[in-house]
Amino acid sequence: MASVVLYDRLITLQQPGGPIPQIGMQQAATLQQQQLSQQQDFDPVHRFKMLIPQLKESLQNVMKIASLNLGHNTSIDNGIKSSDASVQRFDKSLEEFYALCDQLELCLRLAYECLSQSIDSAKHSPNLVPTATKPDTVQTESLSYSQYLSMIKSQISCAKDIHNALLECSKKIAGKGQPPGIL
C-alpha cells in the first residue's frame, strides 16, 4: 500500500510530457524512508538491534567513569590529591545503562509475545481462507468458507464452555465464603 501511495505521489509530481523533477524524487525517497523508519520502530527485533550499540557505548562509559573515579579515590586515599577536583557521576551513567537494559528486556518480551501469538494463531487456525479479490492465490490446503465458519463456531462454543465453567466455579467459591444458613 505504501508503494501505491508513493507511486501516486510521484505521478502528481511528474510534469506533463517530461521526466520527474529531481526535487520530486528526493521528496518521494524521503517519504519512503520515513514510512520505513516508522514501520521499523514497531518491530521489537529491529529496535533491539538498534539498542545494542547504544548499550555497548553506555557500558564503555560506565567502565570509563568507574575507572576514573577509582583512580581519583585512590589518589585521595594515598594523599596525593585533595577532593576538590570534580569527577563524573557514576550513578548517572549506571542509571543510563540500566535504562537501556530495561528497554532491551521490554523489546525481548514483546518479541517473545509476538512469536507466541504467531505460533498460537498458526496452531488454532492453520489454514487460510481464499479471498474473493485474489482467487488465483488459492492454495490446496486452504479452507472453504463453510469450513472456516464451522471452525469459528467450534471456537466460539469452546470459549462459551470455558466462560460457563469459570462462572460456575466463581459461584461455588462465592457460596463457600458465606456463613451457613444465608443463601
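Each residue takes its place number in the sequence, starting with 1.
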Task: Expected output: side-chain N69 to main-chain R89 donor-acceptor under 3.5 Å - done: no
TODO: To the nearest 0.5 angstrom, please state how far the OG1 atom of T74 sits from the CD1 atom of I80.
DONE: 9.0 Å
- [ ] Would you check if the side chain of S67 reaches a backbone N or O of M63 as a donor-acceptor pair within less than 3.5 Å?
- [x] no
- [ ] State whether the number of non-hydrogen atoms from other residues, nucleotides or ligands found under 6.0 Å of Y98 atom OH is greater than 12.
- [x] no
Open item on the list: Tell me if the CD atom of E57 is crowded by more than 12 foreign heavy atoms within 6.0 Å.
Closed with: no
Task: Any donor-acceptor pair under 3.5 Å from S157 side chain to K153 backbone - done: no
Open item on the list: Regarding R109 and E113, does a basic nitrogen lie under 4.0 Å from an acidic carboxylate oxygen?
Closed with: no
Open item on the list: Are P44 and F48 packed together at the side-chain level, in the sense that at least one heavy-atom pair is separated by less than 4.5 angstrom?
Closed with: no
TODO: Supply the atom-to-atom distance L106 CG to Q103 CD, rounded to the nearest 0.5 angstrom.
DONE: 8.0 Å
Open item on the list: For a 4.5 angstrom cut-off between non-hydrogen side-chain atoms, does M151 reach Q155?
Closed with: yes
- [ ] Answer with yes or no whether the hydrophobic clustering places L59 together with I65; edges join I, L, V, M, F, W, Y residues whose side-chain heavy atoms lie under 4.5 Å apart.
- [x] yes
Open item on the list: With clusters defined by side-chain heavy atoms of hydrophobic residues (ILVMFWY) lying less than 4.5 Å apart, directly or transitively, does Y112 cluster with L110?
Closed with: no
TODO: Please tell me if the side chains of L104 and I52 come closer than 4.5 Å, counting only heavy atoms from C-beta onward.
DONE: yes
Open item on the list: Is it the case that the side chain of S75 and the backbone of G71 share a donor-acceptor pair, with hydrogens and angles ignored and the cut-off at 3.5 Å?
Closed with: yes
Task: CG on L108 to CG on L51, rounded to 0.5 Å - done: 10.0 Å
Task: Pairwise distance CD(Q54) to CD(E96) - rounded to 0.5 angstrom - done: 8.5 Å
Open item on the list: A side-chain contact here means heavy atoms from C-beta on lying under 4.5 Å apart; do V62 and F90 qualify?
Closed with: yes
TODO: First locate atom CG of L94, then atom OG of S58, and finally report the distance between them rounded to the nearest 0.5 Å.
DONE: 8.5 Å
Open item on the list: For the CD atom of E95 and the CG atom of D102, what is their distance to the nearest 0.5 Å?
Closed with: 8.5 Å
